[in-house]
Student: 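Following this message is one structure expressed as structure tokens.
Chain naming here is simple, since letters A, B, ... match the order of the sequence lines and numbering starts at 1 in each.
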Number of protein chains: 2
Amino acid sequence: MTQRVYNFSPGPAVLPEPVLEEAQKHLVALPGVGMSILEISHRSAAFTEIIQAAEQNLRRLLEIPEDYAVLFLQGGAKLQFGMIPLNFLRNTGCKASYVVSGTWSKQALAEATTQGQAHAAWDGKATNYDRVPRDEEIQIAPDSLYLYICINETIAGVQFPREPETNGVPLVCDASSELLSRPLDIRRYGILFACAQKNLGPAGVTVVIIRKDFLDRCPDDLPVMLNYRQLAEHKSLLNTPPVFAVYMVKLVTDWVLREFGDLNKLKEFNEKKANLLYEAIESCGGFYTVHAAPGSRSAMNIAFRLPNGDIEKEFLAEAKKAGLYNLEGHRSVGGCRASIYNAMPWRGVVALRDFMLRFHEENRNTLG
Amino acid sequence: MTQRVYNFSPGPAVLPEPVLEEAQKHLVALPGVGMSILEISHRSAAFTEIIQAAEQNLRRLLEIPEDYAVLFLQGGAKLQFGMIPLNFLRNTGCKASYVVSGTWSKQALAEATTQGQAHAAWDGKATNYDRVPRDEEIQIAPDSLYLYICINETIAGVQFPREPETNGVPLVCDASSELLSRPLDIRRYGILFACAQKNLGPAGVTVVIIRKDFLDRCPDDLPVMLNYRQLAEHKSLLNTPPVFAVYMVKLVTDWVLREFGDLNKLKEFNEKKANLLYEAIESCGGFYTVHAAPGSRSAMNIAFRLPNGDIEKEFLAEAKKAGLYNLEGHRSVGGCRASIYNAMPWRGVVALRDFMLRFHEENRNTLG
């Protein structure tokens with residue numbers, strides 16, 4: 001068995017080791033079932049229990065009200081960028097407003113404009129997407145069906161500290177690198193979606209939480225697999241769902257319940273991890289600089305730079321030698337980024353903090 | 001470890017045991033990578049090698065020409081039912097003709113009619129979908145962009161013995177329960193698609209083989225995740241693909257190459273397995289009746305009935321006691337069905353044959 005490293009990847013991301021071990025143990029044959037989770041029917045009693053448990057775990061952890069459906073879909077968050085306007089903007093005359101706080105919300109807006117009337121309620125371009133807007137900066141178009149936000153922009157490491165005020169307009173939210181990391185006020189949302197490969201499980205399943213009155217708006221002229229109402233009516237079993245990925249969401253949410261009990265505890269843990277790194281960065285007198293402005297800093301993705309590109313390369317190479325992997329920033333922006341989702345253990349963050357302080361000590365004088 | 005049973009499920013279906021064992025062995029950490037296949041980046045060198053190997057294996061086994069793209073998508077075959085007309089019929093004035101030879105081609109036609117002009121070139125309803133059409137029965141509408149077929153209808157166990165004659169009109173084909181079971185003449189197809197959970201891997205990935213001139217027809221006003229051209233331009237990495245499912249396709253196609261070498265060998269093996277069951281059925285003098293007419297009988301799914309519903313129930317219960325699982329027919333039609341995809345071992349088919357002969361012996365006289 002190869003030794004495991006610390007994986008700071010923004011996604012697919014590190015999973016809890018006990019979850020991986022459990023999945024491994026039963027991969028050839030699920031106990032009492034006689035076949036692998038990779039071979040069982042999506043309509044079997046065994047899988048029915050698994051998908052229901054995954055949903056119930058999510059409902060319990062996120063306190064999802066009864067008038068919201070929980071769907072397990074495919075296609076990633078990016079398919080949601082398209083499905084939402086296909087269902088709710090195309091041929092409806094409805095408008096939507098989008099907060100553009102980084103790469104992903106910008107892409108979501110671009111997708112929406114191919115299907116209907118969508119406009120930017122705020123755009124963070126002026127300060128290179130280093131912060132979220134204040135409530136009074138957000139200009140929601142009159143008659144907007146929803147206000148779209150990406151609550152945590154993974155690339156820039158910019159996160160809403162809380163939901164923006166919308167005067168009753170429901171939020172539609174890309175919570176991909178956020179969901180399950182802290183409590184959210186679900187009642188504020190019309191739709192919340194998250195690809196699994198950050199805090200929920202492996203790539204291959206996307207969780208969509210949708211208020212049931214949104215389902216009533218879905219048109220009849222869409223392919224069934226793109227119609228939220230049909231997907232909800234069939235409880236995500238309109239066809240074969242990604243069985244293994246749903247099973248992993250069940251195991252991961254079991255682990256969250258077992259290890260933390262609720263999301264308040266998990267929020268504390270995540271903030272403690274993030275603060276350890278932000279404080280280490282602050283203590284180095286400008287050697288490391290965080291991209292995000294105070295008040296908008298993500299607890300999940302810490303994007304930072306070093307004094308120049310050469311030293312960044314050395315930092316990344318040395319980190320890898322120390323078993324600290326995938327600290328590269330997104331290929332569109334460069335720099336460095338540490339993603340520390342739920343499953344990143346405390347000892348991994350401590351190892352990174354220690355490495356960063358040591359690297360600073362060793363390199364502070366080599367720079368003019 | 002629970003004992004494994006013989007799994008005759010139509011999908012998700014049995015996988016090769018050596019593949020399951022290999023996946024299990026490396027599930028916590030891929031050798032030389034230090035993290036699980038469930039945690040690695042889709043842009044890592046390790047995954048790049050895996051997805052390219054999966055594609056190359058498919059190209060080699062199916063002899064896919066260079067002017068076809070091979071895509072790894074999500075959403076199952078049913079999303080393809082919708083994506084094909086969204087891309088090629090909607091707002092184009094193009095027509096398409098559909099052979100309706102069972103449940104799945106019927107659904108595909110229904111999806112197409114929501115987006116454009118599609119009509120049935122033949123419908124097997126008159127004989128309860130027990131056969132495929134003869135070439136001269138297929139009425140392709142003039143100016144059809146494609147003729148759609150479901151080459152193997154999983155529910156009724158009806159399979160085209162070879163591609164129908166179309167006078168140059170490209171085929172668009174749902175090959176979900178067919179692909180990789182025998183050689184196909186890829187040049188006859190504009191698009192071939194197959195969900196993985198029959199012969200290719202676990203649920204969660206769909207392989208699409210598409211001729212490149214079809215890509216040029218894709219419109220610009222679709223969400224990117226529904227646009228074949230964009231998906232092909234980004235080599236299925238427009239966003240995070242279902243990493244684990246693609247890895248499993250790589251392992252399964254490695255296994256096919258190792259065990260069989262080419263699809264002619266696999267075809268022989270599959271026909272030998274199917275004949276064993278069809279011959280056993282014939283030998284029981286009408287106790288078992290096959291749904292499909294001779295000449296249209298599937299080598300993958302053998303749908304059959306017993307003299308009445310009570311004896312079918314007993315058959316299924318006794319089979320389960322003998323370790324022969326998931327022999328129920330589809331919930332929409334009842335009866336019995338044995339799915340014997342590539343990974344069903346010879347000994348599994350022999351066990352079923354022996355059980356069927358014994359059950360016939362024991363019950364032939366109990367029936368009026």
Side-chain angles (χ1 to χ4, degrees), chain A residues 1-5 7 9 11-15 17 20-21 23-24 27-36 38-43 74-79 81-83 85-86 111 114-115 195 197 202-204 221-226 238-245 248 325-326 331, chain B residues 1-5 7 9 11-15 17 20-21 23-24 27-36 38-43 74-79 81-83 86 111 114-115 195 197 202-204 221-226 238-245 248 323 325-326 331:
Chain A
M1 180 71 62
T2 313
Q3 181 93 28
R4 279 172 58 82
V5 300
N7 175 12
S9 171
V14 58
L15 288 164
E17 266 192 59
L20 290 173
E21 283 159 7
Q24 181 177 45
L27 198 75
V28 173
L30 277 178
V33 176
M35 49 192 89
S36 168
L38 301 168
E39 305 172 303
I40 63 169
S41 169
H42 55 298
R43 306 207 187 268
Q74 295 186 60
K78 199 169 279 191
L79 182 55
F81 294 180
M83 271 176 71
L86 268 175
E111 288 280 274
T114 67
Q115 303 304 320
C195 59
Q197 65 268 22
D221 64 348
L222 279 178
V224 291
M225 292 299 295
L226 301 174
L238 198 50
N239 69 347
T240 313
V243 171
F244 180 73
M248 289 298 295
Y325 276 50
N326 293 329
R331 61 209 155 98
Chain B
M1 180 70 61
T2 311
Q3 180 93 29
R4 280 172 57 83
V5 300
N7 176 12
S9 171
V14 60
L15 288 164
E17 266 191 62
L20 290 173
E21 282 159 8
Q24 181 178 45
L27 198 74
V28 172
L30 277 178
V33 176
M35 50 192 89
S36 169
L38 301 168
E39 304 172 304
I40 63 169
S41 169
H42 54 297
R43 307 208 186 269
Q74 295 186 62
K78 200 170 281 193
L79 182 55
F81 294 179
M83 272 176 70
L86 268 175
E111 289 279 274
T114 69
Q115 303 304 320
C195 59
Q197 65 267 20
D221 64 349
L222 279 179
V224 290
M225 291 300 295
L226 301 174
L238 198 50
N239 69 348
T240 314
V243 172
F244 180 72
M248 290 298 295
Y325 276 50
N326 294 330
R331 62 208 156 97

Student: Can you confirm whether V243(A) sits close enough to P202(B) that some side-chain heavy atom of one is under 4.5 Å from a side-chain heavy atom of the other?
Tutor: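 The answer is no; the side chains never approach within 4.5 Å.
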Student: Select, from E39(A), Q115(A), Q74(A), M225(A), the one with the greatest count of heavy-atom pairs under 4.5 Å involving chain B.
Tutor: E39(A)
Student: Considering only heavy atoms, which portion of A245(A) lies under 4.5 Å from any heavy atom of chain B: side chain, backbone, both, or neither?
Tutor: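 Looking at A245(A), nothing touches chain B.
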Student: Is there a side-chain contact between L38(B) and F244(A) in this structure, where contact means two heavy atoms from C-beta onward sitting under 4.5 Å apart?
Tutor: yes
Student: I need the residue from G75(B), G204(B), C195(B), G323(B) with the largest number of non-hydrogen atom pairs under 4.5 Å to chain A.
Tutor: G75(B)
Student: How about L226(B) and L79(A): do any of their side-chain heavy atoms sit closer than 4.5 Å?
Tutor: yes
Student: Under 3.5 Å, is there a donor-acceptor pair between the side chain of N7(A) and the main chain of M35(B)?
Tutor: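 Not a single qualifying donor-acceptor pair exists.
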Student: Please answer whether the main-chain N or O of A29(A) pairs with a side-chain N or O of R4(B) as donor and acceptor at a distance below 3.5 Å.
Tutor: no
Student: I need the minimum non-hydrogen distance between S41(A) and P12(B), along with the two atoms involved.
Tutor: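 In this case the closest contact between S41(A) and P12(B) is CA-CD, 4.1 Å.
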Student: Locate the shortest heavy-atom distance separating L238(A) from K78(B); write the atom from each residue and the value.
Tutor: O-NZ, 2.9 Å
Student: I'd like to know which of L27(A), N326(A), I40(A) tops the heavy-atom pair count under 4.5 Å against chain B.
Tutor: L27(A)
Student: Determine whether a donor-acceptor pair (N or O, by modelled atom type, separation under 3.5 Å) exists between the side chain of E111(B) and the backbone of V224(A).
Tutor: yes
Student: Most heavy-atom pairs under 4.5 angstrom with chain A, which of G76(B), A13(B), A203(B), G82(B)?
Tutor: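 Of G76(B), A13(B), A203(B), G82(B), A13(B) has the most heavy-atom pairs under 4.5 Å with chain A.
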Student: Non-hydrogen atoms of chain B under 4.5 Å away: do they reach the side chain of E21(A), the backbone, both or neither?
Tutor: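 For E21(A), the contact with chain B is made by backbone and side chain together.
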Student: P241(A) versus chain B, heavy atoms under 4.5 Å apart: side chain, backbone, both or neither?
Tutor: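 For P241(A), backbone heavy atoms alone lie under 4.5 Å from chain B.
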Student: So do the side chains of L15(B) and S36(A) get within less than 4.5 Å of each other, counting heavy atoms only?
Tutor: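 No, side chains not in contact.
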Student: Could you tell me if the side chain of L86(B) sits less than 4.5 Å from the side chain of P223(A), heavy atoms only?
Tutor: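 Side-chain contact under 4.5 Å: yes.
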Student: State, with a plain yes or no, whether a side-chain heavy atom of R331(B) is found less than 4.5 Å away from one of R43(A).
Tutor: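 Contact flag for R331(B)/R43(A) side chains = yes.
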